[in-house]
Amino acid sequence: MDKQIKIKLYSKMVLIRAVEETIAERYDEQKMRCPTHLSTGQEAVSAAVGLALQDKDLAVSTHRSHGHYLGKGGDIPRMIAEIYGKEGGCSKGRGGSMHLIDLSVGFMGSTAIVGNSIPIGAGLGFALKLDNADNISCIFIGDGATEEGVFAETVNFCAQKKLPVLFICENNFYSVYSPLAVRQPKNRPIYKMVEAMGIKSYQGDGNDVFGVYKNTIDIISSIKNDDGPRFLELNTYRWREHCGPNYDNHIGYRAEHEFLEWKKKDPILLAETQLLKENILTHKMISSIAQIVKDEVDEAFQFAEDSPFPKKEDVFKYIYAGV
Ligand SMILES: Cc1ncc(C[n+]2csc(CCOP(=O)(O)OP(=O)(O)O)c2C)c(N)n1
Ligand SMILES: [Mg+2]
């Protein structure tokens, strides 16, 4: 894999981590008044899939969408302003963290209702197919969304119509406080279920950014060869609480040792170790990437602070299109 690509993947993960950790740090200031679902620990999927997709490819996402939005090339200041509820936000401050949209980079929207964006992503794929377009629609979901009825309906529709749709399922093994083991049958991996429904499916290590990138590139090229939809399940782990800035291992739904095991597989640390070993990165380069990212994040928060709130009389202005 090209060195530049490896550095880009690493830098994007560092950026996503810095953005979300800064949200966590500053959340108590009470200036971000919407719920936020952080993806700390899961950055490899966003960075890798985001880079594998082209600008003209489309994507939809979920309540945990910051990484997906940034990976797809979404604007950092406009995302932070959105979380601040400001007019300068990517959804003009009307949506908040769970409703990010940036049509200019093909990020068609994220929604808070679990499974809600799945048929929208399929509809986008259907439109692309009807237009004979050369791009694809990517649907980011969590493991929990595969339990929604609309998931089965949409998988069936995509398979039947051979739509250019890529399902990326971030399996972080939890839906809020419920582990996968109490929600789905034993020994029936999600990707196997989807395979049985008629879509070629794969499973991979969601913390290995280089592996995810390579697999996604290959899978996208087979979709583009008109070979129909694909499903990729990527195992990963969310570090912080389901919703909010804190750690919550003490409340009892998951064990501290499980979290610590996953922390050892920190996708950023894994990539950094590999790139240092391969002499692609030096410690000096790592520090300068961290500094560049910090400056970008600081600027984004400043932009959000400086941006005005929407005017009262404009509350219903964008009610239909959201843009
Ligand atoms: C239809 C619906 N049911 C329940 C909820 C409450 N809820 C919000 S996020 C979530 C968990 C979703 O889990 P998963 O899809 O695995 O995503 P993760 O949070 O792990 O990223 C639930 C149940 C909701 N928003 N929508
Ligand atoms: Mg989950």
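Every number for a ligand or one of its atoms is a count from 1 in the order of the listing. All values below come from the heavy atoms of this structure, side chains included, with hydrogens, waters and symmetry mates left out.
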Next item on the list: Give the cluster check for I136 versus L130: same hydrophobic cluster or not, with ILVMFWY residues linked at side-chain heavy-atom distances below 4.5 Å.
Entry: no
Notebook entry, point to check: Under 4.5 Å between any side-chain heavy atoms of F173 and N235, yes or no?
Noted result: yes
Item checked: side chain to side chain donor-acceptor pair (under 3.5 Å) involving E256 - partner list, sequence neighbours excluded -> N249
Next item on the list: Any pair with a residue in residues 189-218 that passes ring pair (Phe, Tyr, Trp, His ring centres under 6.0 Å), sequence neighbours left out, goes on the list, sorted by first then second residue, please.
Entry: none
Next item on the list: Please check if any side-chain donor atom of Q184 sits under 3.5 Å from a side-chain acceptor atom of T146, or the reverse.
Entry: yes
Item checked: Row check, F309 ring normal vs K86 NZ/CZ: under 6.0 Å, within 45° -> yes
Notebook entry, point to check: Taking side chain as C-beta onward, heavy atoms only, is K161 less than 4.5 Å from K129?
Noted result: no
Checklist line | Side-chain touch F140/S65, heavy atoms, less than 4.5 angstrom | finding: no
Check: Around the Mg ion (ligand 2), how many protein N/O/S atoms fall inside 2.8 Å?
Finding: 3
Notebook entry, point to check: Considering the options D314, V315, I101, which one meets the side chain to side chain contact (heavy atoms under 4.5 Å, CB included) requirement together with R94?
Noted result: D314
Notebook entry, point to check: Can you list, by chain and residue number, every protein residue with a non-hydrogen atom closer than 4.0 Å to ligand 1?
Noted result: H63, R64, A112, I113, V114, G142, D143, G144, A145, E148, N172, Y174, S175, V176, H242
